[in-house]
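A short worksheet on the structure shown next.
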Amino acid sequence: MSCVGLCEDDEALRSVIGRALRGEGFDVRVAETGAGAVRAFAAEPPDLLVLDIGLPDADGRDVCQALRGQGVGAPVIFLTARDALTDRLAGFHAGGDDYLTKPFALAELLVRVRALLRRNPPDEPTAGNGLDLRLDPAAHALRVGEAEHPLTPTEFRLLAALASRPGEFVRRHQLVAAAWPEGAVVHDNTLDAYIGRLRRKLREAASGQAIVTARGVGYSLR
């Protein structure tokens, strides 16, 4: 039985979606907040996530990035009332796989869930990404052990993009797409300055990870 993680703060909608998924034979695990979703779904990743963007304590896209940064590779369907192209692109840049605009038909959601699970069959459980840091989307913070270190929203999205691919070099244009709004003009020295700030915060947090540069290519967290 495939497990679907559901994070939606609207109680009525959460209940309706949960019943529909269970009626189709899915095991459903529920979170009501972004922080709750990160705690629950990073510890025991589901096979797929249905994630509302407009959560009371965090942007669902930041929640997705935080989960990606903690090694959760399950496909994500975003639910949102926002239907602008820039909003959809931001969802994909944050690590989402599909995007469903409210109001929607439950039948369409179920079809999309099954399509993503066919495309991404459940993996064997993993031990995470090997990093000693965690990302808290509600607080926009970096955590190492029990200590919390605040990040700006842009710093958070940059670090999440790097943490989602530990040991790999992420290209500069991919980092810009993940951290800044669509269409924003971001100069090379702006990205470099933010990377410098993240390096300093990682040192201050006594993290075992560091950001490595590949000139002309991008950066890697390792």
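For reference, positions follow the sequence shown, starting with 1.
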- Taking atom CG of L142 and atom CD of E204, what is their separation to the nearest 0.5 Å? 10.0 Å
- Query: Is there a path from L79 to V30 through hydrophobic residues (I, L, V, M, F, W, Y) whose side chains come within less than 4.5 Å of each other?
  - Reply: yes
- Item | Heavy-atom pair of closest approach, residues D47 and L117 | O-CD2, 3.8 Å
- Message: Between L55 and I77, is there shared hydrophobic-cluster membership here, with clusters defined by ILVMFWY side-chain heavy atoms closer than 4.5 Å?
- Response: no
- Task: State which residues pass salt bridge (Lys or Arg N to Asp or Glu O under 4.0 Å) with R119; sequence neighbours excluded, sorted by chain then number.
- Result: none
Output a table of donor-acceptor pairs, distance under 3.5 Å, between side-chain atoms of residues 208-215 and any protein atom two or more places apart or on a different chain; print 'none' if there are none.
| unit_1 | atom_1 | unit_2 | atom_2 | d |
| --- | --- | --- | --- | --- |
| Q209 | OE1 | D132 | N | 3.0 |
| Q209 | OE1 | S207 | OG | 3.4 |
| T213 | OG1 | R199 | NH2 | 2.5 |

- For E24, salt bridge (Lys or Arg N to Asp or Glu O under 4.0 Å) partners two or more places apart: R114
- Item | Pairing residues for R172 by the salt bridge (Lys or Arg N to Asp or Glu O under 4.0 Å) criterion, not counting sequence neighbours | D188, D192
- Query: For the atom pair CG (L49) and CG (L6), what is the distance rounded to the nearest 0.5 Å?
  - Reply: 9.0 Å
- Message: Less than 4.0 angstrom from a charged side-chain N to a carboxylate O is my criterion; do D52 and K102 meet it?
- Response: yes
- Query: Run the side-chain contact (heavy atoms from CB on, under 4.5 Å) check on V50 and L100 step by step: do they pass?
  - Reply: CA-CA 10 Å; V50 177; L100 198 53; over 6 Å; no
- Message: Going by side chain to side chain donor-acceptor pair (under 3.5 Å), name the residues that satisfy it together with R157, two or more places apart in sequence or in a different chain.
- Response: none
- Task: Would you check if L202 and V144 make a side-chain contact, meaning some heavy-atom pair closer than 4.5 Å?
- Result: no
- Item | Beyond-backbone contact of F41 with P46, side-chain heavy atoms, under 4.5 angstrom | yes
- Message: Nearest 0.5 angstrom please: L67 CG to C7 SG, how far?
- Response: 9.0 Å
- Item | For the student: nearest non-hydrogen atoms of V113 and L48, plus distance | O-CD1, 3.8 Å
- Task: Verify the cluster assignment for F78 and L106: are they in a single hydrophobic cluster under the rule of side-chain heavy atoms below 4.5 Å apart?
- Result: no
- Query: Between the side chain of S164 and the main-chain N/O of A161, is any donor-acceptor distance below 3.5 Å?
  - Reply: yes
- Note on the structure: D57 and A35 have their tightest heavy-atom pair at OD2-N, 3.0 Å
- Note on the structure: Closest heavy-atom pair, T33 versus G36, reported as atoms and distance to 0.1 Å, is OG1-N, 3.0 Å
- Item | ILVMFWY cluster, V170 and L135 together (side-chain gap under 4.5 Å) | yes
- Message: According to side chain to side chain donor-acceptor pair (under 3.5 Å), who are the partners of R165, at least two apart in sequence or on a separate chain?
- Response: E168, Q174
- Task: Evaluate the criterion side-chain contact (heavy atoms from CB on, under 4.5 Å) for residue pair V4 and R29; output intermediate values, then yes/no.
- Result: CA-CA 6 Å; V4 176; R29 292 169 46 216; over 6 Å; no
- Query: Atom CG of L175 and atom OG1 of T154: how far apart are they, to the nearest 0.5 Å?
  - Reply: 12.5 Å
- Which residue pairs satisfy the ring-ring contact (aromatic ring centres under 6.0 Å, His included) criterion with at least one member in residues 202-222, sequence neighbours excluded? none
- Which residues satisfy the side chain to side chain contact (heavy atoms under 4.5 Å, CB included) test with R134, sequence neighbours excluded? Q70, R143
- Query: Could you give the distance from CG (L151) to CG (L198), rounded to the nearest 0.5 Å?
  - Reply: 6.5 Å
- Note on the structure: Nearest heavy-atom contact between A163 and P166 is O-CD, 3.2 Å
- Item | Nearest-0.5 Å distance that lies between atom CG in L158 and atom CG in L191 | 6.0 Å
- Transitively linked via ILVMFWY side-chain contacts under 4.5 Å: F104 with L21? yes
- Task: Please report the closest heavy-atom contact between L133 and L221, naming both atoms and the distance.
- Result: CD2-CD2, 4.3 Å
- Item | Residues E108, V111; criterion side-chain contact (heavy atoms from CB on, under 4.5 Å); working and verdict | CA-CA 5 Å; E108 183 177 5; V111 165; 5.6 Å; no
- Determine, step by step, whether Y99 and I53 satisfy the side-chain contact (heavy atoms from CB on, under 4.5 Å) criterion, reporting the C-alpha distance in whole Å, the side-chain angles of both residues, the deciding distance to 0.1 Å, and the verdict. CA-CA 10 Å; Y99 197 101; I53 285 180; 4.0 Å; yes
- K201: salt bridge (Lys or Arg N to Asp or Glu O under 4.0 Å) partners, not counting sequence neighbours: E155
- Message: Under a 3.5 Å distance rule, please check whether R22 uses its side chain to pair with a backbone N or O of I17 as donor and acceptor.
- Response: no
- Item | Sequence neighbours excluded, every pair satisfying ring-ring contact (aromatic ring centres under 6.0 Å, His included) that has a member inside residues 46-68 | none
- Message: Within the 4.5 Å heavy-atom criterion, are L51 and V63 side-chain neighbours or not?
- Response: yes
- Could you name each residue pair satisfying ring-ring contact (aromatic ring centres under 6.0 Å, His included) that touches residues 144-180, not counting sequence neighbours? H140-F156, W180-Y194
Could you tabulate the donor-acceptor pairs under 3.5 Å formed by side-chain atoms of residues 89-98, not counting sequence neighbours?
| unit_1 | atom_1 | unit_2 | atom_2 | d |
| --- | --- | --- | --- | --- |
| D97 | OD2 | R68 | NH2 | 3.2 |
| D97 | OD2 | V76 | N | 2.8 |
| D98 | OD1 | R112 | NH1 | 2.9 |

